[in-house]
Amino acid sequence: MTCLGNIIWFLCSGLWQGLSWTIAGILWSITIVGIPIGQQCFKLANITFFPFGKEIQYGGNTVSVFANVLWMIFSGIPLALCALLNGVLLCCTIIGIPFGLQCFKIAKLALTPFGARVVYL
């Protein structure tokens, strides 16, 4: 079921959401200071392309809190709003509810990506 869910997700909404994370990573990587944040964007783009079978655990330290604040100001809010809007639209149908829930997981991740850890189920 995970494989089928990931395929349908990628075709319906994962492609454009993953590309938005990739674009954010490229923009962050243009500056030398933003390269670590850009690398995190590329890792999270992989999760966004194929979210089924993965769970996010949150934690972190002082550095991750500072990076999350910086991230939220410049990139996190637009990415979270796009995922939230997509999740609401997908939840309007019964078939789209599992995909909408994945969008909500990605929206939360878009607000605080640093200190988050991916667990493969």
Side-chain angles (χ1 to χ4, degrees):
M1 182 63 185
T2 301
C3 183
L4 180 63
N6 279 328
I7 291 170
I8 295 171
W9 166 265
F10 183 78
L11 296 174
C12 293
S13 56
L15 178 64
W16 73 269
Q17 285 189 18
L19 287 177
S20 64
W21 280 91
T22 304
I23 290 169
I26 291 169
L27 291 175
W28 276 100
S29 295
I30 290 173
T31 65
I32 293 173
V33 176
I35 289 175
I37 297 174
Q39 288 177 340
Q40 184 73 2
C41 288
F42 296 135
K43 290 177 192 174
L44 297 176
N46 185 23
I47 297 166
T48 306
F49 282 132
F50 305 108
F52 286 93
K54 298 172 186 163
E55 188 176 302
I56 310 296
Q57 292 180 347
Y58 294 94
N61 55 19
T62 307
V63 176
S64 64
V65 170
F66 175 72
N68 279 329
V69 170
L70 190 64
W71 166 261
M72 195 178 302
I73 292 170
F74 292 108
S75 299
I77 293 174
L79 286 171
L81 287 176
C82 290
L84 186 66
L85 176 65
N86 194 24
V88 169
L89 292 174
L90 285 169
C91 284
C92 290
T93 65
I94 293 174
I95 296 171
I97 290 175
F99 301 106
L101 294 176
Q102 295 299 320
C103 284
F104 297 144
K105 177 171 76 173
I106 292 169
K108 183 179 176 184
L109 182 64
L111 291 176
T112 56
F114 298 97
R117 193 170 62 98
V118 179
V119 177
Y120 294 91
L121 302 176

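Model, not experiment: these values are computed from the prediction.
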Please check if F52 and Y120 belong to a single hydrophobic cluster, counting links between Ile, Leu, Val, Met, Phe, Trp and Tyr side chain heavy atoms closer than 4.5 Å.
-> yes

Quick one: does I37's side chain get under 4.5 Å of F114's, heavy atoms only?
-> yes

Interatomic spacing from SG in C41 to CD1 in I35 - rounded to 0.5 Å | 12.5 Å

Measure the acute angle between the ring planes of F99 and W9, then classify it against the limits of 30° and 60° as parallel, tilted or perpendicular.
-> parallel

Any sub-3.5 Å donor-acceptor pair from N68's side-chain atoms to S64's backbone N or O?
-> yes

Just wondering, more than 12 heavy atoms not from I94 lying within 6.0 Å of its CD1?
-> no

Is any side-chain heavy atom of I97 closer than 4.5 Å to a side-chain heavy atom of L90?
-> no

Measure the shortest side-chain to side-chain distance between N6 and P51 over non-hydrogen atoms and say whether it is less than 4.5 angstrom.
-> yes

Closest non-hydrogen atom pair between C91 and G100, with its separation | SG-CA, 3.8 Å

Is any side-chain heavy atom of I56 closer than 4.5 Å to a side-chain heavy atom of K54?
-> no

Atom CD1 of I95: over 12 foreign heavy atoms under 6.0 Å = no

Hey, which of L79, T22, T48 is the one that makes side chain to side chain contact (heavy atoms under 4.5 Å, CB included) with Q17?
-> T48

Any side-chain heavy-atom pair of L70 and W28 under 4.5 Å | yes

Residue that, paired with F49, satisfies ring pair (Phe, Tyr, Trp, His ring centres under 6.0 Å) out of F10, F42, W16 | F10

Counting only heavy atoms not in F66, do more than 12 sit closer than 6.0 Å to its CZ atom?
-> no

Transitive ILVMFWY side-chain link L89 to L81, under 4.5 Å = no

Do L15 and F50 belong to the same hydrophobic cluster, where Ile, Leu, Val, Met, Phe, Trp and Tyr are linked whenever their side-chain heavy atoms lie under 4.5 Å apart, directly or via other members?
-> yes

Aromatic centroids of W71 and W21 separated by under 6.0 Å | yes

Applying the 4.5 Å side-chain criterion to the ILVMFWY set and letting contacts propagate, would I73 and I23 be lumped into a single cluster?
-> no

If two hydrophobic side chains count as joined below 4.5 Å and joins carry through other members, does I106 share a cluster with Y58?
-> yes

Minimum heavy-atom distance I47-L109, with the two atoms named | CG2-CD2, 4.5 Å

Within 6.0 angstrom of K105 NZ, more than 12 heavy atoms from elsewhere = yes

Could you pull out the closest heavy-atom pair between G87 and C103, with the gap in Å?
-> CA-CB, 3.5 Å

